[in-house]
Amino acid sequence: MARKCKPSWIDSYLEYTRVQESPTAFHEWVGMMLLSTAVGRHVYIPRIKYTIYPNMFVILVAGSAKCRKSVAISIGMDILRSLEKPPMIFAQKITTEALIQALELAKADGASAGLICASELAVFMGADATKSGIIPALTDLYDSPSEWVYHTRGRGKEVLRNVTLSVLAASTRAWLKNSIPADAIGGGFTSRIVFVCQDKPSRLILFPEDAAEIGGGLSDTLKTDLIADLNEVRHNIRGPMSFTPEARKVATEWYKRDFNKVRDPKLDGYYGRKHDTMFKIAALLSLGENSSRMIEHTHINRALLLLEENEKYLETVISSVVASSVGGDTERILELIQRTGKIKHSDLLRKCWRFATAQDVSVIIRTLIESNEIDEVVASDRKTRIYRIRERGL
């Protein structure tokens with residue numbers, strides 16, 4: 001069937017969501033997750049002695065309410081639930097046993113697939129996520145095992161076969177520390193996650209009439225086309241993905257360039273899996289254009305650009321998870337400055353005195369300046385100190 005969304009499903013989805021305030025990056029990754037969940041285990045990418053499926057774990061990260069994380073997710077879920085025979089969407093507070101039961105119920109054609117959707121990650125996973133076994137379980141299930149065995153207290157040994165699971169969640173940086181324990185870094189859970197960080201909405205729209213004007217009245221038509229093409233992806237595409245010669249060349253050249261780069265050891269797991277993550281994204285971009293199951297060099301390049309954009313914030317996000325109390329205070333002060341854009345020293349002290357002294361704030365400010373997170377300028381009165389976020393690349 002000829003595709004209705006031109007030039008691609010993702011681009012059409014970005015056009016559909018253009019009438020809403022959430023950052024474009026949030027909508028792009030939600031769109032990617034819709035494709036991922038729709039295709040499930042039906043499409044795969046042969047690798048050397050193993051196979052990967054285009055499932056993803058994605059967490060949208062931004063300040064509370066400011067970037068409309070939950071709204072971006074809910075727009076996508078509305079599309080997903082509109083499909084013929086929609087996939088399993090697991091959106092309750094999670095336990096491993098409940099997840100196993102949901103995946104068993106979702107079994108079709110000998111395989112189980114679905115999406116965990118958590119608009120509030122801290123509420124969804126809870127503080128005891130490692131002790132309860134959910135983080136180890138998700139870490140295992142990310143790799144889409146052909147057989148997964150789990151021992152429960154009440155039901156004994158549970159066996160799931162041909163499982164493919166995606167995760168789409170939202171969090172603030174502060175919630176990340178409460179949701180993901182520091183020991184999950186070494187255990188590999190965070191290395192499987194794409195963190196999408198944003199600090200500003202794409203635009204400010206207050207009234208529905210303004211949104212309608214921006215959308216040009218095409219919203220309903222676009223939604224119909226998006227659903228039709230996603231049904232095509234879900235029901236009619238099967239089999240392995242292939243690569244054009246140019247795609248192989250571009251991917252190989254990047255892999256050799258990237259291999260010897262020196263990075264923070266906390267990020268070794270992420271970068272060690274980056275080539276597979278890139279292939280997953282490239283596969284989804286291809287599936288969003290046509291049913292050929294052919295990955296082209298344009299898909300490789302766009303996938304790398306998407307990942308590199310997120311990697312600007314990756315070290316900061318991971319540091320949030322493993323932060324000490326001092327690191328946590330530094331994160332809070334940085335978020336305060338990010339929220340305001342720029343702030344006077346005296347105003348910052350008024351906002352921080354409940355958890356940090358003036359001396360503490362001075363030390364933290366010096367840390368943020370020397371780590372190139374913020375700049376300090378002096379106002380025209382030559383007395384007032386002002387802090388502002390440093391633009392990336394400066």
Side-chain angles (χ1 to χ4, degrees), residues 3 5 8-10 12-14 16-17 26-45 52-60 69-70 72-92 94 99-100 102-119 121 124 137-138 141-145 160 162-170 192-194 196 223 225-239 241 276-277 279-289 291 293 303 306:
R3 297 293 181 88
C5 296
S8 74
W9 194 92
I10 288 290
S12 294
Y13 186 74
L14 291 180
Y16 174 68
T17 55
F26 283 179
H27 290 306
E28 191 163 19
W29 281 98
V30 169
M32 211 77 69
M33 294 302 295
L34 301 187
L35 283 168
S36 171
T37 307
V39 75
R41 201 181 173 88
H42 295 149
V43 166
Y44 56 93
I45 307 159
I52 59 175
Y53 297 83
N55 64 309
M56 302 280 291
F57 286 8
V58 171
I59 298 180
L60 311 182
K69 303 181 294 295
S70 298
I73 290 174
S74 67
I75 293 171
M77 292 307 99
D78 178 57
I79 295 283
L80 203 57
R81 291 189 175 98
S82 299
L83 298 183
E84 300 168 10
K85 298 180 180 178
M88 179 206 81
I89 302 174
F90 195 95
Q92 305 169 29
I94 193 166
L99 178 60
I100 289 170
L103 286 169
E104 285 177 341
L105 291 173
K107 185 180 293 183
D109 300 323
S112 297
L115 172 71
I116 291 175
C117 180
S119 58
L121 183 65
F124 192 79
L138 292 177
L141 292 173
Y142 174 85
D143 296 321
S144 300
L160 293 176
N162 300 325
V163 183
T164 297
L165 187 67
S166 292
V167 175
L168 175 60
R192 290 163 167 80
I193 298 171
V194 175
V196 184
K223 183 177 181 180
D225 290 347
L226 288 165
I227 293 169
D229 281 3
L230 208 57
N231 274 320
E232 171 71 12
V233 169
R234 179 157 176 76
H235 298 295
N236 297 322
I237 303 182
R238 301 286 188 277
M241 301 294 297
D276 281 348
T277 307
F279 283 143
K280 291 181 180 220
I281 297 167
L284 294 173
L285 291 170
S286 171
L287 294 170
E289 289 182 3
S291 302
R293 290 184 283 111
L306 283 167

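- Of all the heavy atoms in Met33 and Ser166, the pair that sits closest is CE-CB, 3.7 Å.
- Nearest heavy-atom pair across Ile10 and Gly31 is CD1-C, 3.6 Å.
- Aromatic ring orientation, Tyr53 versus Tyr44: tilted (interplanar angle from 30° to 60°).
- Between the Thr17 side chain and the Leu14 main chain, a donor and an acceptor come within less than 3.5 Å of each other.
- For the pairing with Leu141, the side-chain contact (heavy atoms from CB on, under 4.5 Å) check across Asn55, Thr164, Leu99 returns one residue only, Leu99.
- In this structure a side-chain-to-backbone donor-acceptor pair under 3.5 Å is missing from Ser286 to Ala282.
- Residues Gly76 and Val30 approach most closely at CA-CG1, 3.9 Å, considering heavy atoms.
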Residue pair Ser291, Arg3: steps toward the side chain to side chain donor-acceptor pair (under 3.5 Å) verdict: CA-CA 9 Å; Ser291 302; Arg3 297 293 181 88; 3.1 Å; yes
CA sep, side-chain torsions, deciding dist, call: Arg192, Leu138, side chain to side chain contact (heavy atoms under 4.5 Å, CB included): CA-CA 10 Å; Arg192 290 163 167 80; Leu138 292 177; over 6 Å; no
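- The two residues Gly114 and Thr37 have their closest heavy-atom pair at C-CG2, 4.4 Å.
- Between the side chain of Arg293 and the backbone N or O of Arg238 there is at least one donor-acceptor pair closer than 3.5 Å.
- Crowding of Asn236 atom CG: a count of heavy atoms from other residues, nucleotides or ligands under 6.0 Å exceeding 12.
- Of the possible donor and acceptor atoms, one in the side chain of Ser112 sits under 3.5 Å from a partner among the backbone N and O of Leu103.
- Taking the six-membered ring where tryptophan is involved, the planes of Tyr13 and Tyr16 are tilted, since the angle between them lies from 30° to 60°.
- In terms of heavy atoms, Ala106 sits closest to Ala113 at CB-O, 3.8 Å.
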Take Met32 and Val194 through the test side chain to side chain contact (heavy atoms under 4.5 Å, CB included) and record every step on the way to the result. CA-CA 12 Å; Met32 211 77 69; Val194 175; over 6 Å; no
One pair to check against side chain to side chain contact (heavy atoms under 4.5 Å, CB included): Ile73 and Cys117. What are the steps and the verdict? CA-CA 8 Å; Ile73 290 174; Cys117 180; 3.4 Å; yes
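- Minimum interatomic distance between Ile45 and Phe279 (heavy atoms only, all atoms of both residues): CD1-O, 3.5 Å.
- Here the side chain of Asn231 pairs a donor or acceptor atom with the backbone of Ile227 at under 3.5 angstrom.
- Contact annotation: the side chain of Glu84 never approaches that of Arg234 to less than 4.5 Å [non-hydrogen atoms, C-beta and beyond].
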